[in-house]
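Every number for a ligand or one of its atoms is a count from 1 in the order of the listing. Fair warning: this is a prediction, and the values are worked out from it, not measured in the lab.
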Amino acid sequence: MEEIQNKYEEKYEEQFKAHWDKVYQALNQEQTDEFREEFLDMHPYDQSLFFIDQSKEKRMRIYTYLSPDELAEIMINIDLENTPAYFTEMNPRLGAMILSEMPADDAVDIFNEMDKEEVVSFLTMMDKESADEIKHLLHYEEKTAGSIMTTEFVAVYKTQTTVEAMKQLKKEAPDAETIYYLYVLDDDKRIVGVLSLRDLIIAEDDMKIEDLMSEKIVAVSVAKNQEEIAQMFRDYDFLALPVVDFQNHLLGIITVDDILDVMEEEASEDFSKLAGITETEHPNDSAVAAAKKRLPWLIILLFLGIFTASLIGQFEETLNQVAVLAIFIPLIAGMAGNTGTQALAVAIRGLSNGDYENEGKIRLIMREATTGLITGTVCGIVIAVVIFFWKDDIFLGFIVGVSIMASLIVATLAGSLVPIIMDRLKIDPAVASGPFITTINDIISILIYFGMATTFMDYLM
Ligand code: ATP
Ligand code: MG
């Protein structure tokens with residue numbers, strides 16, 4: 001079965017490569033028609049991959065071969081932070097035309113990445129209708145419903161019949177972001193109902209929209225935060241949600257594809273913070289830029305590390321007497337760090353999904369304590385047995401085993417407690433990042449280990 005699948009994938013890849021080469025050749029030999037035919041045959045996402053793979057000289061050629069409309073499709077599919085550079089290199093008039101062609105919400109996303117001056121200059125060159133709409137959207141705060149919605153939706157009126165509504169849908173379909181939901185408005189443009197394309201298609205010709213529509217509408221307020229909207233999409237499973245102001249006027253819609261981007265953005269933000277990378281780092285940042293973002297954290301951790309080292313120094317005498325203790329320091333500290341990070345990741349995920357009410361947090365902590373006890377006991381016994389056979393020393397095995405057990409319990413608890421406390425204090429829990437927890441757990445586990453060793457010194461010698 002797998003073999004067939006592999007063969008199929010290989011074949012697909014081969015065809016893809018052949019097509020890619022053909023497009024490349026046409027571009028290389030300046031065969032405009034041939035290029036257009038083959039290039040436009042690709043999926044817009046693949047088009048964008050091809051586009052960013054080209055040299056500047058080839059890209060300049062592509063700008064002249066394609067229409068603004070076709071170029072808009074490519075620009076929408078490129079990673080946002082890279083798009084402004086392309087708009088800077090092309091003829092500004094063309095840039096303005098491309099921005100006018102794309103859905104307003106996508107243009108707003110791109111504008112949000114550009115310098116203010118550039119935004120103003122593009123807005124003055126764009127056609128008035130698109131520019132007005134974008135100016136309107138730009139006023140909404142970043143990361144709210146208003147900033148991610150699009151105003152290209154299909155609206156009908158409740159007094160219309162299905163035939164009339166269908167006619168209107170046909171007229172508006174080319175520009176609408178989705179045609180699957182029709183929102184029903186009253187004379188003041190307030191939303192009073194919704195129906196799906198399926199509902200419309202299966203209805204009799206002379207039925208009135210008001211008899212078809214559903215009046216229990218799920219809508220989001222324009223000021224709602226994008227993370228909460230993502231949650232609503234998960235809960236309700238709609239392909240789009242209407243955005244309204246406080247008087248229920250329909251301002252726009254948010255479609256599920258925009259929400260997928262939001263989910264990715266929020267998740268990668270949380271994970272970057274978890275890894276101690278505060279400002280989001282992009283894979284194509286320069287080495288210097290990447291180092292700049294990571295260094296502050298590493299320096300802090302360096303000092304914490306020095307503190308840990310001086311802590312070990314406190315036990316110099318114990319170490320001098322039983323040097324073999326030193327070889328297990330990395331093991332114990334490492335295990336505590338590992339388990340703490342595991343617990344931290346679970347807690348962060350839960351907190352950012354809004355999974356926990358107060359009771360849920362207590363349940364999480366209890367569960368982590370039990371998990372720590374189980375994993376600690378198992379790891380402790382395993383290492384004690386190994387050390388007994390390896391070093392032939394039952395007390396050393398006992399001390400390392402018990403230390404691992406105690407460290408794992410404490411570290412697991414710390415991994416879930418710290419983010420919950422941070423959340424309570426209204427600090428973003430994702431900044432209780434992995435390296436930080438690791439260092440705290442290093443310190444705790446070393447204290448436990450040497451505390452035990454010093455106490456039972458007499459048995460070890
Ligand atoms: P079904 O799942 O019932 O076969 P469907 O697949 O055609 O319907 P869905 O996306 O599942 O469409 O939507 C189900 C119903 O929810 C549709 O009849 C539609 O009118 C309604 N609906 C769509 N958007 C909203 C909304 N924002 N609030 C309330 N109801 C909505
Ligand atoms: Mg459905």
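Remark: of the listed residues Tyr45, Phe16, Trp20, Trp20 is the sole one forming a ring pair (Phe, Tyr, Trp, His ring centres under 6.0 Å) with Phe50.
Within the listing of ligand 1, atoms 5 (P), 6 (O), 7 (O), 12 (O) sit less than 4.0 angstrom from a heavy atom of Tyr180. Close approach of ligand 1 to Val218 (heavy-atom distance below 4.0 Å) involves ligand atoms 26 (C), 27 (N), 28 (N), 29 (C). With ligand atoms numbered from 1 in the order given, ligand 1 contributes 4 (O), 5 (P), 6 (O), 7 (O), 8 (O) to contacts under 4.0 Å with heavy atoms of Arg198. Residue Lys216 has at least one heavy-atom neighbour below 4.0 Å for each of these atoms of ligand 1: 28 (N), 29 (C), 30 (N). With ligand atoms numbered from 1 in the order given, ligand 1 contributes 20 (O) to contacts under 4.0 Å with heavy atoms of Leu195. Each of the following atoms of ligand 1 lies closer than 4.0 Å to a heavy atom of Leu241: 27 (N).
Ligand 1 has an N or O atom lying under 3.5 Å from an N or O atom of Tyr181, backbone or side chain. Residue contacts with ligand 1: Tyr183 is placed with no nitrogen or oxygen under 3.5 Å of a nitrogen or oxygen of the ligand (distance criterion only).
Residue contacts with ligand 1 for Asp199 involve side-chain atoms from C-beta outward but no N, CA, C or O (heavy atoms, distance under 4.0 Å). Residue Met213 does not touch ligand 1, judged by heavy-atom distances below 4.0 Å. Contact annotation: for Leu197 versus ligand 1, there are no heavy atoms closer than 4.0 Å. Counting heavy atoms under 4.0 Å from ligand 1, residue Pro242 touches it through the side chain alone.
Proximity of a side-chain donor or acceptor of His249 to a complementary backbone N or O of Val244 within less than 3.5 Å is not detected. Within the 3.5 Å criterion, the main-chain N or O of Leu260 finds no donor-acceptor partner in the side chain of Glu264. Formation of a donor-acceptor pair under 3.5 Å by the Asp245 side chain with backbone atoms of Asn248 is found in this model. A distance-only check finds no donor-acceptor pair linking the side chain of Asp235 to the backbone of Met232 [under 3.5 Å].
The aromatic rings of Phe87 and Phe122 stand perpendicular to each other, their planes meeting at an angle above 60°, with 30° marking the opposite boundary.
Residue contacts with ligand 1 leave out Leu239, since none of its heavy atoms falls under 4.0 Å from the ligand.
Ile300 is not listed as a side-chain neighbour of Thr439, based on a closest heavy-atom distance of 4.5 Å or more. The shortest distance between side-chain heavy atoms of Ile254 and Ile259 falls below 4.5 Å. Side-chain contact between Thr412 and Leu373: absent, with no pair of heavy atoms (C-beta onward) separated by less than 4.5 Å.
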